[in-house]
Amino acid sequence: MVITKGFKALLAEANAVVDAVSVREAMDMLEDADVAFIDLREREELAQGTIPGAAHVPRGLLEFVADPESPMHIPSFDPAKQLVVFCASGGRSALAAKTLQDMGFQRVANLVGGFQAWSEAEAPIDPLRDV
């Protein structure tokens, strides 16, 4: 079996079409009720904390919670809101942002550098979550 498109190509395609926001820009959005932060990291990664107010959705469940017709849908996925997705370093969230665009979400952006960049910038972090 030959893989015809590896993760590097998929990431390049996603990054070419997905909006990106810096940590500074994302920090300015924290208090905006028109913005929803989506934490795509796995449950065990939440021990590091998260961006204040972020909804947690493991990447593997994204399509199910984003679709309003799904019984798993969560209100954070409001097409009228600006969605800012993030993971640990930005790869999974770039792919997720592209998926959300493919699903029809028009206002979605990837946090450049992910939660790692957020932490390194000493941006606000909600405390450890019970995992």
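Predicted, not measured: the structure shown is a model, and the values here were computed from it.
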>> The test is side-chain contact (heavy atoms from CB on, under 4.5 Å); show your working for Val57 and Phe64 and say whether it passes.
In response: CA-CA 10 Å; Val57 176; Phe64 298 98; over 6 Å; no
> Which atoms form the tightest heavy-atom contact between Val17 and Lys98, and what is the distance?
Replying inline: CG2-CD, 3.6 Å
> Rounded to the nearest 0.5 Å, what separation is found between the CG atom of Leu40 and the CZ atom of Phe115?
Replying inline: 13.0 Å
>> Taking side chain to side chain contact (heavy atoms under 4.5 Å, CB included) as the criterion, tell me which of Leu111, Leu100, Leu95, Asp39 meets it with Val85.
In response: Leu100
> Hey, is the main chain of Glu63 close enough, under 3.5 Å, to the side chain of Asp67 for a donor-acceptor pair?
Replying inline: no
> Is the backbone of Pro124 close enough, under 3.5 Å, to the side chain of Trp118 for a donor and an acceptor to pair up by distance?
Replying inline: yes
> Out of curiosity, Asp19 CG to Glu25 CD, how far, rounded to the nearest 0.5 Å?
Replying inline: 10.0 Å
> Are Val21 and Phe105 co-members of a hydrophobic cluster defined by side-chain heavy atoms under 4.5 Å apart?
Replying inline: no
> Donor-acceptor pair, Arg107 side chain versus Ala80 backbone, under 3.5 Å?
Replying inline: yes
> For the residue pair Phe86 and Ile51, what are the closest heavy atoms and their distance?
Replying inline: CE2-CD1, 3.6 Å
>> Same cluster or not: Val18 versus Val108, using hydrophobic residues (I, L, V, M, F, W, Y) connected whenever any side-chain heavy atoms lie under 4.5 Å apart?
In response: no
> Which pair of heavy atoms, one from Gln48 and one from Arg41, lies closest together, and at what distance?
Replying inline: OE1-NH1, 3.2 Å
> Hey, does Asp34 have a side-chain heavy atom less than 4.5 Å from the side chain of Lys81?
Replying inline: yes
> What closest approach, in Å, do Ser76 and Leu83 show between heavy atoms, and which atom pair accounts for it?
Replying inline: O-CD2, 3.4 Å
> Which heavy atom of Ile125 sits nearest a heavy atom of Gly49, and at what distance?
Replying inline: CG2-CA, 3.8 Å
>> Could you walk me through whether His56 and Thr50 satisfy the side-chain contact (heavy atoms from CB on, under 4.5 Å) test, starting with their C-alpha distance in whole Å, then the side-chain angles of each, then the deciding distance to 0.1 Å, before giving a yes or no?
In response: CA-CA 9 Å; His56 175 244; Thr50 192; over 6 Å; no
> Which heavy atom of Ala55 sits nearest a heavy atom of Ile74, and at what distance?
Replying inline: CB-CD1, 4.3 Å
>> Tell me whether Asn110 contacts the main-chain N or O of Gly90 through its side chain, where contact means a donor paired with an acceptor under 3.5 Å.
In response: yes
